Amino acid sequence: MEFFGSLQSLGIETGTLVLFAMLLGLLVTGIPLAFVTLLVTLFFALGWFGPNVVPLITSRVYSFVSSFVFVSVPMFVLMAAILDRSGIARDLFEAMRLIGGRIRGGVAVQTIFVAVILAAMSGIIGGEVVLLGLIALPQMLAQGYDRKLAIGVVCAGGSLGTMVPPSIVLIIYGLTANVSIGDLFTAAFVPGFMLALLYVGYVLVRAWLTPNDVPPAHTAAVPAAEKLRLLKGLFLPILVVIMVLGSIYGGIASVTEASAVGVAGVLLSTVLRGEFTWGLLRGAAMQTLQTVGMIVWIGIGASALVGVFNLMGGINFVSELITGISDNPTIIILFMMAILFVLGMFLDWVGIALLTMPIFVPIIVSLGYDPVWFGVLFAMNMQVSFLSPPFGPAAFYLKSVTPPDISLGEIFRALLPFIGLQILAVALLILFPAIAIY
Amino acid sequence: MDAPEAVLREEHQAVPESGRLGRVIDRLALIPAFGLVLAMLILIQEVVLRYVFGRPTIWAHETTVFLCAISFVYGGLLCTARDRHIRVVLVYDMLPPGARRVADIIISVICGLSSGAFAWAAWQMVKRAAWRPDGSFHLETSGSAWNPAFPGLLKILLMVALGLMALQFAILALNYARRHRGTR
């Protein structure tokens with residue numbers, strides 16, 4: 001029997017089912033996501049259509065790697081990689097002591113604010129969690145903070161990198177959904193801050209309700225000369241943030257160019273601080289190459305798979321399935337959120353964005369919603385995926401730098417209230433879309 | 001602060017099972033890595049030329065896209081040699097060490113097949129991008145005012161990278177299998 005084209009007799013219902021079953025089945029065996037999707041793509045391309053469609057798929061892959069907006073991804077990763085290797089974050093944390101030092105729970109609040117500034121400099125998760133885990137966590141534990149609260153603040157704060165602009169999650173969403181990334185960044189600004197303020201609020205409430213878990217502030221007076229020295233730690237990061245976000249919001253440079261400006265800013269900062277070495281640049285560049293390799297190849301696989309699935313008519317089929325569950329658009333949105341939550345527990349956000357958004361975004365548009373708003377909602381949803389067990393990457397990043405007596409289980413338990421806050425933020429965004437689109 | 005510093009500067013390397021090819025891939029990765037730095041510098045000079053001198057170039061954008069695309073393609077190859085591709089290790093982590101080695105072999109074989117098949121698929125694309133219908137050699141150009149042959153080159157690179165990836169997976173599978181037999 002001829003294999004080429006033989007799968008078509010399955011019909012789209014069974015075909016979709018077989019495709020998802022194959023995808024999940026291969027995925028849990030531990031085969032890298034990128035190659036699972038490529039394999040399934042090829043199986044269906046040949047089995048459903050035959051060799052004629054193969055060039056169509058490869059040209060999708062080609063256009064995926066050669067888009068100008070995508071250039072900003074390695075730039076933001078490079079920026080974060082240089083940041084990780086410099087002492088900028090440590091000095092920033094020291095400087096923020098001036099702001100957070102006076103109140104009960106000050107160090108935790110300060111950690112969240114540092115996280116926001118770091119998030120406004122880079123757009124990825126990982127480095128930030130590690131940095132805060134090294135700088136802020138030991139200090140909070142030494143001052144007698146409840147362990148779970150301290151862990152939660154570090155992981156949740158460190159994940160903000162992909163919510164506060166510039167964010168790679170939003171860039172990838174903008175690419176798949178064909179939405180202006182500048183608009184997405186503008187829209188994500190307030191929701192990102194809102195999430196950070198929810199965290200701050202939680203810390204303050206804990207300080208009030210469970211004072212044993214949150215130590216009083218250390219009120220040692222800081223001499224003026226010391227204050228000035230500390231403020232210097234604040235200067236360079238703020239300058240970089242202004243350079244990056246300023247050139248995007250001010251319309252001076254495209255997002256891609258702004259990302260390069262950010263790299264230059266951070267690089268220049270390391271030179272000014274006397275930290276620059278070729279080893280630093282080399283290490284950062286190599287790490288960037290590896291990270292983008294990871295991200296892009298998941299993207300390559302996913303975009304190829306979506307291409308074939310679309311040709312099969314699968315996207316139409318799934319769209320009808322989703323829109324068919326209810327006449328109430330809110331229920332459809334909630335259903336999509338549920339799908340994203342579940343996928344977020346197991347899959348990487350790049351894969352989720354590229355696999356689901358080609359299906360979800362057209363539905364959103366046809367329901368009359370703003371795709372920019374949905375992008376922010378998606379980024380917020382992915383915040384949950386960074387923390388949720390069993391694969392919350394933030395927990396794993398933190399585990400890699402904490403003392404062995406903090407177990408992964410304890411980290412995940414510590415994250416539960418913060419996941420609750422993130423879900424609250426998702427709910428607020430759905431109830432009041434004006435938070436994002438004003 | 002010694003231990004945390006060490007963690008911060010942790011640098012991955014090609015896994016030992018990737019063999020000589022893996023080490024070469026790891027070493028040559030420095031070129032595309034600095035290509036990214038170069039891309040950054042080009043973007044900066046473009047911003048400066050446009051705003052300070054009012055003279056944007058016609059080559060900056062296409063060159064940065066090309067440099068980054070090279071690093072994307074090479075990055076995948078590097079992740080293969082370093083075993084850093086993202087995977088779901090839910091079941092894998094529960095396996096006993098012996099079964100895990102068998103899984104390593106099977107995973108590498110499947111990935112090799114997958115990338116090998118895609119190298120063939122890329123060849124179908126290269127056939128159109130590198131030769132004219134009459135059979136004479138001509139690399140596809142971008143069609144812009146500058147009109148470099150980047151699309152043609154990139155398609156060839158993609159094919160070569162997929163081919164090398166398949167080879168790397170074959171070497172990995174072989175070495176996992178060899179080690180597996182050795183430990184029994």
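By convention in this document, chain letters (A, B, ...) are assigned in the order of the sequence lines, proteins followed by strands, and residues within each chain are numbered from 1. Here the structure is a predicted model, which means the values were calculated and not measured.
Interface remark: Met286(A) contributes backbone and side-chain atoms alike to the contact with chain B (heavy atom separation under 4.5 Å). Within the 4.5 angstrom heavy-atom criterion, atoms from both the backbone and the side chain of Leu33(A) approach chain B. For Thr29(A), the part sitting under 4.5 Å from any heavy atom of chain B is the backbone (N, CA, C, O) and nothing else. Looking at Ala117(B), both its backbone and its side chain come within 4.5 Å of chain A, counting heavy atoms on both sides. Using a 4.5 Å cut-off between heavy atoms, Leu56(A) makes no contact with chain B at all. Only the side chain of Ile57(A) comes within contact range of chain B, with heavy atoms under 4.5 Å apart. Looking at Ala129(B), there are no atoms closer than 4.5 Å to chain A (heavy atoms on both sides), in backbone or side chain. Heavy atoms of Phe72(B) lying under 4.5 Å from chain A belong to its backbone as well as its side chain. With a threshold of 4.5 angstrom between heavy atoms, Ser247(A) does not approach chain B through any atom at all. Residue contact with chain A, scored on non-hydrogen atoms closer than 4.5 Å, is absent for Ser108(B). Trp123(B) does not touch chain A: none of its heavy atoms, backbone or side chain, sits under 4.5 Å away. For Leu157(B), no part sits under 4.5 Å from any heavy atom of chain A, backbone or side chain. For chain B, the nearby part of Val54(A) is the side chain; its heavy atoms alone come within less than 4.5 Å. Residue Val65(A) touches chain B through both its backbone and its side chain, counting heavy-atom pairs closer than 4.5 Å. Residue contact with chain B, scored on non-hydrogen atoms closer than 4.5 Å, is absent for Phe43(A).
Taking the side chain to side chain donor-acceptor pair (under 3.5 Å) definition, one finds that Arg132(B) meets it with Ser136(B), sequence neighbours left out. Not counting sequence neighbours, the partners of Asp104(B) by the side chain to side chain donor-acceptor pair (under 3.5 Å) test are Tyr92(B).
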**OP:** Test Leu42(A) against Ser114(B) for side-chain contact (heavy atoms from CB on, under 4.5 Å), laying out the working first.
**Re:** CA-CA 8 Å; Leu42(A) 220 54; Ser114(B) 162; over 6 Å; no
Subject >> Residues Phe34(B), Leu281(A); criterion side-chain contact (heavy atoms from CB on, under 4.5 Å); working and verdict >> reply: CA-CA 9 Å; Phe34(B) 273 97; Leu281(A) 185 60; 3.8 Å; yes
Original post:
What's the verdict on side-chain contact (heavy atoms from CB on, under 4.5 Å) for Phe70(A) and Ile172(A), showing C-alpha distance, side-chain angles and the deciding distance?
Top reply: CA-CA 8 Å; Phe70(A) 219 116; Ile172(A) 302 262; 3.8 Å; yes
**OP:** For Phe276(A) and Leu268(A), run side-chain contact (heavy atoms from CB on, under 4.5 Å): C-alpha distance rounded to whole Å, both residues' side-chain angles, the deciding distance at 0.1 Å, then the answer.
**Re:** CA-CA 8 Å; Phe276(A) 180 84; Leu268(A) 212 64; over 6 Å; no
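Top candidate by heavy-atom pairs under 4.5 Å with chain B, chosen from Met75(A), Gln290(A), Glu257(A), is Gln290(A). Heavy-atom pairs under 4.5 Å with chain A were tallied for Glu46(B), Lys155(B), Gln124(B), Met159(B); the largest tally goes to Lys155(B). Of the listed residues Asp93(B), Val73(B), Leu158(B), the one with more heavy-atom pairs under 4.5 angstrom with chain A than any other is Val73(B). Counting heavy-atom pairs closer than 4.5 Å to chain B, the top-ranked of the candidates Gly293(A), Gly351(A), Pro51(A), Ala34(A) is Gly293(A). If you tally non-hydrogen atom pairs under 4.5 Å between each of Ile86(B), Leu43(B), Val91(B) and chain A, the highest count goes to Ile86(B).
Within residues 16-30 of chain B, the residues approaching chain A closer than 4.5 Å by heavy atoms are, in numerical order, Asp26(B), Ala29(B), Leu30(B). Within residues 52-63 of chain B, the residues that have a heavy atom under 4.5 Å from a heavy atom of chain A are His61(B), listed by number.
The 12-atom threshold is not exceeded at CZ of Arg128(B), counting heavy atoms of other residues, nucleotides or ligands nearer than 6.0 Å. Around CZ of Arg282(A), the count of heavy atoms belonging to other residues, nucleotides or ligands within 6.0 Å does not exceed 12. Within 6.0 Å of atom CD in Gln45(B), more than 12 heavy atoms from other residues, nucleotides or ligands are found, so the atom counts as buried in its surroundings.
Under the 4.5 Å side-chain criterion, counting only non-hydrogen atoms from C-beta, Val37(B) is not in contact with Thr288(A). Side-chain atoms of Phe396(A) and Leu408(A), non-hydrogen and from C-beta on, do get closer than 4.5 Å to each other. A heavy-atom distance below 4.5 Å is found between the side chains of Thr277(A) and Leu280(A). A 4.5 Å side-chain heavy-atom check between Cys111(B) and Pro32(A) finds at least one atom pair inside the cut-off. Using a 4.5 Å cut-off on side-chain heavy atoms (C-beta onward), Met125(B) and Tyr62(A) make contact.
For the pair His12(B) (side chain) and Arg84(B) (backbone), a donor-acceptor distance under 3.5 Å is absent. Between the Thr41(A) side chain and the Leu305(A) main chain, a donor and an acceptor come within less than 3.5 Å of each other.
Across all their heavy atoms, Val240(A) and Val266(A) have their closest contact at CG1-CG2, 4.0 Å.
Put simply, the residue from Leu134(A), Val154(A), Leu137(A) that forms a side chain to side chain contact (heavy atoms under 4.5 Å, CB included) with Thr402(A) is Leu137(A).
A perpendicular orientation is assigned to the rings of Phe35(A) and Phe169(B), their planes being inclined by more than 60° (bins at 30° and 60°).
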